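Notes to accompany the following structure.
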2 protein chains.
Amino acid sequence: MNREVAHSPSVFHKTSMTRCSHDFHVNCNNCRLSSICLPLALDINEIDQLDRIIQRSRPLQKGDHLYRQDEEFRSVYAVRSGSVKGYSITDNGQEQVTGFYFPGEVLGMDGIAKNHHASSARALETSSVCEIPFDQFGELSQRLPNLQRHFFQLMSQEIAADQQMLMQLSKNTADQRVATLLLSISARHRRRKLSAANFRLPMSRTDIGNYLGLTVETVSRVFSRFQKLGVLGVDNKEIAIVDPEGLQTMANGTDIN
Amino acid sequence: MNREVAHSPSVFHKTSMTRCSHDFHVNCNNCRLSSICLPLALDINEIDQLDRIIQRSRPLQKGDHLYRQDEEFRSVYAVRSGSVKGYSITDNGQEQVTGFYFPGEVLGMDGIAKNHHASSARALETSSVCEIPFDQFGELSQRLPNLQRHFFQLMSQEIAADQQMLMQLSKNTADQRVATLLLSISARHRRRKLSAANFRLPMSRTDIGNYLGLTVETVSRVFSRFQKLGVLGVDNKEIAIVDPEGLQTMANGTDIN
DNA sequence: CGCCCGGCTTGACGTGTGTCAAGCCACAGG
DNA sequence: CCTGTGGCTTGACACACGTCAAGCCGGGCG
């Protein structure tokens with residue numbers, strides 16, 4: 001089944017979805033990420049069924065929105081390349097970054113409850129995503145117990161991760177928060193078989209600060225301090241984790257326990 | 001189920017829920033909470049099927065555990081009466097309160113991902129819960145699209161709520177956090193057709209502080225200040241919201257915007 | 001009764017991080 | 001080329017909240 005008839009894409013969110021010339025041969029079976037993404041728990045035949053409902057559009061440019069807060073909820077999304085920032089705007093107009101999403105990770109699940117997105121998502125760099133229409137996905141997981149179970153797990157994981165994050169924000173110092181974030185990003189790179197020690201941060205210091213509940217200045221100071229301590233190499237957005245154990249120590253209680 | 005036990009101030013919670021002789025006939029169909037709990041989206045026949053897998057044990061005493069962190073995950077739970085505190089322990093041994101659960105609310109979903117509970121849950125007072133074995137629940141929701149969908153929504157809601165909470169912790173002052181928590185508890189009372197203005201906090205100041213990322217002392221001071229400002233009436237754990245709009249103002253940006 | 005103990009309140013003081021302000025650097029556009 | 005702009009860094013200072021300490025209150029128990 002050729003896929004480009006499958007998604008008459010024009011109907012949805014304006015420009016973000018158009019034609020996709022180079023993508024015609026991408027599918028879950030040949031995707032490098034299938035082992036850490038939604039297909040994880042499925043057999044070949046099941047993956048095929050999943051693949052059939054997935055829509056792949058041309059890449060998003062930096063700053064493009066995947067979805068916007070309060071928009072009607074239609075799909076969840078899996079990041080295929082690049083990176084995405086999730087954020088929401090409070091009543092009093094402040095932005096709160098709720099997460100960063102890397103390849104193989106799924107976002108948009110917070111919109112299921114109210115059938116409207118509870119947050120916005122936008123590309124931090126040129127990125128491509130798989131769109132998974134939720135109606136069809138719900139039907140499919142009705143038929144594929146493995147898929148249902150895996151999606152339950154995915155959502156559960158997000159809950160657990162958010163609660164970890166709560167811990168971060170309520171109990172930890174600036175040093176600990178930054179260290180933990182870096183370790184988290186590092187681990188996610190490792191999961192994708194990329195270097196866990198050297199990587200580029202796709203987001204700005206401002207976003208990091210916002211996410212961690214700190215100001216830009218504080219984030220900047222922490223980076224500087226870590227570099228001075230020989231734990232990190234920092235060249236603008238290029239990060240080198242020089243002393244992983246040291247960083248882990250910072251992430252925990254550090255100091256003189 | 002007469003409601004005046006709820007606020008007999010002298011006797012405290014001891015009386016609020018004692019023997020469970022009356023529990024043998026409790027089921028989702030006659031449960032006052034069915035309209036806000038899991039059965040919400042189901043028709044009579046479906047509720048019956050759900051009801052058949054639910055296990056109801058005798059009430060938990062204050063301090064009893066519903067489940068413990070790292071224990072094998074078997075069930076999710078719905079609170080029927082009383083209240084429950086969710087918390088987890090970090091590597092470095094600190095406790096972090098992750099949530100408070102009132103009647104009609106479902107907890108334990110953070111354990112699905114790893115098949116082990118990511119947190120512990122214990123009763124803040126004498127409480128009763130419905131246990132929902134997750135294997136059977138999974139099968140059932142395979143057959144009942146409404147149930148699957150509702151559970152997706154429930155988990156989504158938890159994700160969205162946690163992200164709201166992230167916002168709280170990273171951006172708000174002590175005043176705002178406490179005000180928001182009180183408003184949340186108030187709203188949840190209203191949902192159960194109880195007084196939104198007068199209620200008893202089942203948790204200690206320490207728990208509140210832990211949950212909100214504040215110290216006991218700060219929480220106490222905020223309560224005092226709110227009382228002095230005429231927004232709140234505070235008599236130990238008995239709370240009266242004297243000026244709901246004022247409290248709402250505190251919860252937002254307050255001050256001279 | 002008197003004692004202890006845990007939960008709560010209140011005060012005095014210290015500190016981590018926010019705020020404000022200035023300056024640097026890279027890059028884009030005229 | 002110069003200039004503007006946005007992201008980042010660094011310093012000086014202020015303040016909200018944590019820390020430490022003392023005291024109150026009510027309940028349980030010998």
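Remember, it's a predicted structure, so these values are computed and weren't measured experimentally.
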Can we say [X] and [Y] salt-bridge, meaning some charged N sits less than 4.0 Å from an Asp/Glu carboxylate O?
X       : Y       : value
E125(B) : K62(B)  : no
R225(A) : D175(A) : yes
K85(B)  : D207(B) : yes

Please report, rounded to the nearest Å, how far the [atom2] atom of [N] is from the [atom1] atom of [X].
X       : N       : atom1 : atom2 : answer
D175(B) : dC15(D) : CG    : P     : 16 Å
D235(B) : dC8(C)  : CG    : P     : 12 Å
N172(A) : dG18(D) : CG    : P     : 14 Å
R205(B) : dC24(D) : CZ    : P     : 19 Å
K62(B)  : dG6(C)  : NZ    : C1'   : 10 Å
L124(A) : dG7(D)  : CG    : C1'   : 14 Å
R225(A) : dT9(D)  : CZ    : P     : 13 Å
K171(B) : dA16(D) : NZ    : P     : 18 Å

Under 3.5 Å between N/O atoms: give me all the protein pairs with nucleotides 18-21 of chain C, atom names plus distance.
| from | atom 1 | to | atom 2 | distance (Å) |
| --- | --- | --- | --- | --- |
| dG18(C) | OP1 | G213(A) | O | 3.3 |
| dG18(C) | OP2 | T215(A) | N | 3.2 |
| dG18(C) | OP2 | T215(A) | OG1 | 3.0 |
| dG18(C) | OP2 | T218(A) | OG1 | 2.4 |
| dT19(C) | O4 | R221(A) | NH2 | 2.9 |
| dC20(C) | N4 | E217(A) | OE2 | 3.0 |

Quick check on dG7(D): is either OP1 or OP2 less than 4.0 Å from any side-chain nitrogen or oxygen of K237(A)?
no
Output a table of donor-acceptor pairs, distance under 3.5 Å, between side-chain atoms of residues 210-222 of chain A and any protein atom two or more places apart or on a different chain; print 'none' if there are none.
| from | atom 1 | to | atom 2 | distance (Å) |
| --- | --- | --- | --- | --- |
| N210(A) | OD1 | V97(A) | N | 2.8 |
| N210(A) | OD1 | K171(B) | NZ | 3.3 |
| N210(A) | ND2 | E95(A) | O | 2.9 |
| T215(A) | OG1 | T218(A) | N | 3.3 |
| T215(A) | OG1 | T218(A) | OG1 | 3.0 |

Considering only heavy side-chain atoms of S204(A), the closest of dT9(C), dC8(D), dT17(C) is dC8(D)
Return the nearest nucleotide to the side chain of A174(B); candidates are dT9(C), dC17(D), dT9(D).
dC17(D)
d(L182(A) CG, Q248(A) CD) to nearest 0.5 Å is 11.5 Å
Using a 3.5 Å distance criterion without hydrogens, assess whether the side chain of S75(B) forms a donor-acceptor pair with backbone atoms of E131(B).
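No, because the side chain of S75(B) does not come within donor-acceptor range (under 3.5 Å) of the backbone of E131(B).
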Toward the 5' end of DNA chain C, by each residue's nearest nucleotide, K228(B) or M203(B)
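With M203(B) and K228(B) compared, the 5'-side residue is M203(B).
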Side-chain H-bond candidate by donor/acceptor type, Q69(A) with S119(A), under 3.5 Å:
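Checked: Q69(A)/S119(A) side chains show no N/O donor-acceptor pair below 3.5 Å.
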